Amino acid sequence: MAMMTMREALNQALREELERDENVFLMGEEVAAYQGAYKVTKGLLDEFGDKRVIDTPITELGFAGLGVGAAMVGLRPIIEFMTFNFSILATDQIINSAAKMLYMSGGQFKIPIVFRGPGGSAYQVSSQHSQAIESWYAYFPGLKVVMPSTPADAKGLLKSAIRDDNPVVFIEQERMYGNKGEVPDEADFTIPLGVADVKREGKDATIVARSLMVPVALKAAEELEKQGVSCEVIDPRTIRPLDVETIISSVKKTNRVVIAEESHPFCGVAAEISAEINERAFDYLDAPVRRVSGADVPMPYAKNLEDLAIPSVEQVVKAVREVAYLD
Amino acid sequence: MSKQAAPTKSRVKAEEQPGAAAAVEEVTDHIDPAQLDEEHAKQKEEQKNRIEAVDRETLLKLLYQMILIRRFEEKCAESYSLGKIGGFCHLYIGQEAVAVGAISAIRQDDYVITSYREHGHAIAKGVSADEVMAELYGKSGGCSSGKGGSMHLFDADVNFMGGHGIVGGQIPLGTGIAFGSKYKGTDQVTLCFFGEAAVNQGAFHESLNMAQLWKLPCIYICENNQYGMGTSLDRAMSLQDVSQKACAYELSSEFVDGMDVLAVREAVQRGVERARKDYLPTLLEIRTYRFMGHSMSDPGNYRTRAEIEKYQQRDPIKLFTASLLENGVIDQAALDEIEGRVREEVEHSARFADESPLPDPKELYTHIYADE
Ligand SMILES: Cc1ncc(C[n+]2csc(CCOP(=O)(O)OP(=O)(O)O)c2C)c(N)n1
Ligand SMILES: [Mg+2]
């Protein structure tokens, strides 16, 4: 085990996969000479050269589509978006091309591509730069969507995403790049896509959380422990395919669920998980499923408003107390 | 940076246009001081000729606005390091002549739209420094009520149509605003500003095509500061002469020296005339340079000290001040008086921003839909 930041863990995963397979290349804005806008790609240009680590113009739709085309002929592109807000410009190629190519070609063209970069809120960067859009991508059959919450998960999942033969949308969190954690040393450490992780065991209530909300849920669980409520924290890690089984077995044990997410609630991932629970474990529920989501508003700039828009430990604690009928 | 082909001037009677003169040079670590002096002298000579065509009041106003924006931005840098401004903060230092010169060529009821590097454009268009600073502080007295921040200044009262954060996103919007003027039959024009890196987005090309196809009164102003974040123009653009791209859509275009506020003003005046009279679009490539990092969090080590200093020598404010002094338009006392007034205005804006209340928490849920 080695202690490292999320940023370093992602960097290792990229390095190892570039090393492992010549068909892997990395492309995006400022990924090479500048060493990455958030330094995730630090050192890779020096190591692999400008054939494989490529700075692009600001042309998101163009280089995303280029990546899909390259994947059609056997390359394995990693396309970095400086942030996922800018992937919105590339959604045409991600959704209309990458997601459907295999299906509409009757199985002839697989698209082994990774679209990655930070998503969600940063610090006071306002409405156009603070969006959590995982539910958009998760909506489309053909795309896989991954959101790691620890350095180890980040490394293991990114390596699997790069090796996967499907288009994978891999969403990191800008606020979490500096978070530290233990990462296994094994040369070929990977984590399979589609498998949830129980981040904390408990018996009274289940908190399902992803990405930025995992540390928030863990803090809430600590606080609730002091109040005599034992919480299980489940991180799906992969949004699609979603490991519903792990969530359902936890619900069958605790009978109470809170789902925390940074994104807007409407048509969101928590809504989907809630529907799955209602369909599969309704009889086990002792209280309605509760969501704690980001405020249903564009992200404001002002610090005091931004703080109100992002779910807090207090909100999660309150929601758990509500489903446990303690208040 | 690699040497670029000397850009052609305007395609609209290029020979006749003094404003189309351009200074393009090789940027290396080894800059020849003699050559630099020569270029500088030439630039001053050109500016002198232009000064004679403009009244004193206008000249003083241009100088005041440029100095105001410079000092305002310096204050922003200070407030940012004190934590009073958050998020991304992109300063305009070095580029003042572009916004000031361009906006001086339009009427108050004309429109301006631009990117996230827009403090200067907002002030030049008439948004008060107080309201701009309060916005940067995330206060309720800000021009976007504290909700937009540095990248999203808006002021409907002066037709300042916003700071936009997605590179290239404002170009179709500017096109649409111009479409609106033509549709309604007004003679208002739109100045649509963007950086040179935005030219690589499809939005730029789609917009120019529509603007010429439908004859829309929009002046597209590419502020070519030669870098998009850490990427120099030559590493991101195949044809680096932006003004030439107008050919593909049959637009009129010009290449302009963005360190000369009067050259900018004259070029925009020509574009405005075409737009107002004949609903015709124009593309202007205005060559400039940003003296600071891309944003407050960019250390900017992709440029050499020598390169930055070279451009600082042709600082648009220094150049204009020197020309005005040499031509006897102002004396040192007048200059001091301007600096004094500017200092007061900037200090006032910081005080106003400090004292302005935070947005009410209820504001989180306002302005989502129009019918509330
Ligand atoms: C679509 C999109 N991609 C990437 C970014 C991140 N970004 C912000 S500014 C910038 C550089 C833009 O350069 P340029 O257009 O030349 O304008 P300048 O900053 O030089 O004024 C980048 C890459 C963004 N805001 N939007
Ligand atoms: Mg630029």
Side-chain angles (χ1 to χ4, degrees), chain A residues 28-39 41 45 50 54-65 81-90 92-93 121-131 174 264 266 294-310, chain B residues 83-89 116 135-140 142 144-152 163-169 195-203 228-233 235-238 294-295 297-302 357-368:
Chain A
E29 291 158 16
E30 308 286 359
V31 297
Y34 197 79
Q35 313 291 317
Y38 299 96
K39 305 291 172 250
T41 56
L45 171 65
D50 60 7
I54 305 160
D55 277 328
T56 63
I58 306 177
T59 329
E60 285 83 2
L61 176 66
F63 64 76
F81 294 116
M82 192 176 283
T83 78
F84 261 92
N85 301 288
F86 315 139
S87 81
I88 293 175
L89 282 76
D92 172 48
Q93 292 293 356
S121 65
Y123 299 96
Q124 273 195 282
V125 293
S126 200
S127 302
Q128 293 184 327
H129 283 75
S130 310
Q131 306 173 85
E174 191 179 327
H264 304 304
F266 197 85
D296 201 11
V297 306
M299 186 65 83
Y301 165 75
K303 180 84 176 65
N304 65 324
L305 298 185
E306 187 189 52
D307 286 346
L308 291 173
I310 302 168
Chain B
K84 293 184 179 192
I85 297 175
F88 293 139
C89 184
Y116 45 82
E135 188 59 36
L136 305 187
Y137 279 39
K139 299 296 190 72
S140 59
S144 305
S145 307
K147 285 177 157 178
S150 167
M151 296 191 285
H152 308 302
H164 299 267
I166 301 301
V167 170
E196 84 294 339
V199 168
N200 295 322
Q201 293 282 32
M229 244 174 119
T231 304
S232 57
L233 183 61
R235 293 208 301 122
M237 203 181 276
S238 51
H294 167 72
S295 71
S297 48
D298 170 30
N301 38 27
Y302 42 84
L358 289 173
D360 189 290
K362 284 202 289 281
E363 294 298 329
L364 184 61
Y365 289 99
T366 61
H367 309 131
I368 300 159

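The sequence lines fix the lettering, A, B, ..., with proteins before strands; numbering per chain opens at 1. Computed from heavy atoms alone, side chains included, the values below leave out hydrogens, waters and symmetry copies. Since the structure is predicted, the reported quantities are computational estimates derived from the model, not experimental observations.
Between Leu308(A) and Pro361(B), the closest heavy-atom pair is CD1-CB, 3.8 Å. In terms of heavy atoms, Gln128(A) sits closest to Gly165(B) at OE1-N, 2.6 Å. Listed here is the closest heavy atom pair of Thr59(A) and Gln201(B): CA-OE1, 3.5 Å.
Interface remark: Asn301(B) contributes no atoms to any contact with chain A (heavy atom separation under 4.5 Å). Contact annotation for Glu60(A): both backbone and side-chain heavy atoms come within less than 4.5 Å of a heavy atom of chain B. Within the 4.5 angstrom heavy-atom criterion, only backbone atoms of Tyr123(A) (N, CA, C, O) approach chain B. The parts of Phe88(B) that come within reach of chain A are both its backbone and its side chain, each placing non-hydrogen atoms under 4.5 angstrom from that chain. Contact annotation for Ala122(A): neither backbone nor side-chain heavy atoms come within less than 4.5 Å of a heavy atom of chain B. Leu305(A) touches chain B through backbone and side chain together, each having a heavy atom under 4.5 Å away. Neither the backbone nor the side chain of Ile88(A) comes within less than 4.5 Å of any heavy atom in chain B. Residue Met229(B) touches chain A through both its backbone and its side chain, counting heavy-atom pairs closer than 4.5 Å.
Between chain B and the options Pro298(A), Ala302(A), Ala295(A), Ala309(A), heavy-atom pairs under 4.5 Å are most frequent for Ala302(A). Ranked by heavy-atom pairs shorter than 4.5 Å toward chain B, the options Glu306(A), Glu30(A), Gln124(A) are led by Glu30(A).
With rounding to the nearest 0.5 Å, the separation of CD1 in Ile368(B) from CG in Asp296(A) is 7.0 Å. If you take CZ on Phe63(A) and CG on Asn200(B), they are separated by 11.0 Å, rounding to the nearest 0.5 Å. The structure places CD1 of Ile58(A) at 8.0 Å from CD of Glu196(B), a figure rounded to the nearest 0.5 Å.
Of the possible polar contacts, one joining the Asn304(A) side chain to the Pro359(B) backbone as a donor-acceptor pair under 3.5 Å is found. Side chain of Tyr301(A) to backbone of Gly86(B): a donor-acceptor contact under 3.5 angstrom is found.
Ring-plane geometry between His152(B) and His129(A) is classed as tilted, the angle between the planes lying from 30 to 60 degrees on a 0 to 90 degree scale.
With sequence neighbours left out, Asp307(A) forms a salt bridge (charged side-chain N to carboxylate O under 4.0 Å, His left out) with Lys303(A). For the ring pair (Phe, Tyr, Trp, His ring centres under 6.0 Å) test, no residue two or more places apart in sequence or in another chain qualifies with Tyr137(B).
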Trace of the side chain to side chain contact (heavy atoms under 4.5 Å, CB included) decision for Tyr365(B) with Val297(A): CA-CA 7 Å; Tyr365(B) 289 99; Val297(A) 306; 3.5 Å; yes
